[in-house]
J.: 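Structure incoming, see below.
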Amino acid sequence: MCGIVGAIAQRNVAKILLEGLSRLEYRGYDSSGVAINNETGVRAHRAVGKVQALRDKFDAVPLDGKQGIAHTRWATHGKPTEANAHPHFSGDDLALVHNGIIENHAPLRRELKEKGYEFKSETDTEVIVHLIHDALKSEPDFLQAVKNTLKRLEGAFAIAVTLNHENERMIAARKGSPLVVGVGIEENFVASDQLALLHVTDQFIFLEEGDVVEVTRDGVTIFDAQDTVQDRPVHVFNHNVDATDKGEYRHYMMKEIYEQPKVIAACLEGRISETKVLTSCFGVDSSFLKDIENVHIVACGTSYHAGMVAKYWIEDLAGLPCSVEVASEYRYRKVAVPKNTLFLTLSQSGETADTLAALRMAKELGYLTSLAICNVPSSTLVRESALTLLTNAGAEIGVASTKAFTTQLTALLITSIAIASEKGALSAEKEAELVTSMRSLPAHIDEALKQDAAIKKVSDRFANKHNALFLGRGPMFPIALEGSLKLKEISYIHAEAYPAGELKHGPLALVDEDMPIITLVPHNNMLDKLKSNLQEVAARGGELYVFADKDTDLHNEDGVIFTEVPKVDEILEPIVHTIPLQLLSYHVAVVKGTDVDQPRNLAKSVTVE
Ligand code: F6R
């Protein structure tokens, strides 16, 4: 998704801004641009495609200056062209970058055109910069003109604005899209993501909804939504040296797949004792657990799939009703909230616009409390939720979520056991048994990763496939959904997932020798039923890719390609079965030569609706 970087310093900021944009590349984008202020005015370069194309323009025609703004754009209004890339200008003097969507851009555009403004792009963003230009005609103070303009905008935004002859300050603001201030020594910065600034500072101020900030070399002044100056705390970033480095791996995705044993161990650390889940992991007061009578889980994409697995765990272990819904649906319907319902959100980034909107709506609906399971401690979701359980996966850079998903599942299992235990639905013996199983999880993931070479071989058979079907039953059905999402996302092969028992109700019509069927086989009372489903496929000539433990008595045979998955306790099966599917989609994407870490059209953090 779009990214913002801004800098005001005693030194040339061009390199700082370009490096900031490179650090934002993982979020997904299709064009980029930089505007630099110096004594001669505000000048810009823009380029379609990778940040390297922008660097090439700087190499050909350098721009130097001590103040500037920069942007990576993920197209929403208008194609990814140079004209639509940010920064956008009004006249030669005023430049602006913007993340988010201005919902009332059409009437504002009409109004500005009537006043004689000419539009050079198809973007919603361009209205903001012309509005500020127009406001400056009656309000000569730059800061006040920006504040006056923001009152007219509907929708979500984070912006950074720079004005010629104002070489001592730039203005930034946020409402609905994240923005942080990076604090340096005689230099200050803004960015949509703190990772964009780690090369220049590790001190950050997280702006709040409605904040406007005046950034100078010597300091920042923050005005809240009521226009009152606020002194917000400075947070020091906890450096994880691995986070933005691919190390020995060709892609971040592979590095992150291989980090799973380590990050799952980090997710468990301090949350379980020898025999119990430590309810203190939810905060000092965990008494809410006893009061829960229902659970509503709301999330998007991969995080939603994690929520679907948790429904099985919560209903099975705690005996409580649990519903799971995608945030973009939840936020636009009338929701009936039973008494004492926990509102649980899941998000890797903690900045997903739909999930945040769902949380804000839920806060008005009388839930017992809100719990966020999230990977980014400084995120908006964490700050706005009553309770948080961090997944501790470390920065996830690959657009396709891997370690964030398995740590979400781990955190959800912790939560499910905690609820079940506090509700008296779980005996001490059973809880101790589950906790012992959980402790073995990193080792089992390690073992599952050992199938990498075998899965790589299997992936060659997928290179010329156009479709795939994934099957699972029970909690393995959401894992089938997640496997199909991973394959679609990074290899662009159309894939769908079905509960295996649904096959005969329609999708069986699609099965022929060109249709690979990927089946996750649990080792439980559904095994025999699933074997019958496999017969239905084999009888129609479908090619079966079976992922199962060796005691299931499944093996390679005509039409069946078998991959072994470690045998684990039933409760852990969804987590462990995720690994081969991640590896499969990774290797298929590599064979197909797609951009694994930044697949087309996708963004890491979806901060617009
Ligand atoms: C898929 C993927 C997305 C995200 C979704 C929600 O690999 O990463 O489907 O899961 O955009 O993002 P978060 O978890 O950041 O709220």
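For ligands, and for the atoms within them, numbers begin at 1 and follow the listed sequence. Each residue takes its place number in the sequence, starting with 1.
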J.: With Asp597, which residues qualify under side chain to side chain donor-acceptor pair (under 3.5 Å), at least two apart?
T.: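 Asp597 satisfies side chain to side chain donor-acceptor pair (under 3.5 Å) with no other residue.
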J.: Should the pair His296 and Tyr330 be assigned to parallel (<30°), tilted (30 to 60°) or perpendicular (>60°) ring geometry?
T.: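 Perpendicular: the ring planes of His296 and Tyr330 meet at over 60°.
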J.: Before accepting this row, confirm whether a basic side-chain N of the pair Lys50/Glu25 lies closer than 4.0 Å to the acidic partner's carboxylate O.
T.: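 No.
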J.: Using the ring centroid of each side chain, check whether His577 and Phe547 are separated by less than 6.0 Å.
T.: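 Judged by ring-centre distance (under 6.0 Å), His577 and Phe547 do not meet the cut-off.
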J.: Show the distances, to 0.1 Å, for all pairs joining an N/O atom of ligand 1 and a protein N/O atom that are shorter than 3.5 Å, listing one pair per line.
T.:
unit_1   : atom_1 : unit_2 : atom_2 : d
ligand 1 : 7 (O)  : Thr302 : OG1    : 3.3
ligand 1 : 7 (O)  : Ser401 : N      : 2.9
ligand 1 : 7 (O)  : Lys486 : NZ     : 3.0
ligand 1 : 7 (O)  : Glu489 : OE1    : 2.8
ligand 1 : 7 (O)  : Glu489 : OE2    : 2.8
ligand 1 : 8 (O)  : Val399 : O      : 3.4
ligand 1 : 9 (O)  : Thr302 : N      : 3.2
ligand 1 : 10 (O) : Thr302 : N      : 3.1
ligand 1 : 12 (O) : Thr352 : OG1    : 3.4
ligand 1 : 14 (O) : Ser303 : OG     : 2.6
ligand 1 : 14 (O) : Gln348 : N      : 2.7
ligand 1 : 15 (O) : Ser347 : OG     : 3.4
ligand 1 : 15 (O) : Gln348 : N      : 3.4
ligand 1 : 15 (O) : Ser349 : N      : 2.9
ligand 1 : 15 (O) : Ser349 : OG     : 2.6
ligand 1 : 15 (O) : Thr352 : OG1    : 3.3
ligand 1 : 16 (O) : Ser347 : OG     : 2.6
ligand 1 : 16 (O) : Thr352 : OG1    : 2.5

J.: Applying ring-ring contact (aromatic ring centres under 6.0 Å, His included), name anything that partners Tyr586, two or more places apart in sequence or on another chain.
T.: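 Only His251 meet the ring-ring contact (aromatic ring centres under 6.0 Å, His included) criterion with Tyr586.
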J.: Which atom pairs, donor and acceptor, lie under 3.5 Å between side-chain atoms of residues 393-402 and protein residues at least two apart or in another chain?
T.:
unit_1 : atom_1 : unit_2 : atom_2 : d
Glu396 : OE1    : Ser401 : OG     : 3.0
Glu396 : OE1    : Lys604 : NZ     : 2.6
Glu396 : OE2    : Thr402 : N      : 2.9
Glu396 : OE2    : Lys403 : N      : 3.2
Glu396 : OE2    : Ala404 : N      : 3.0

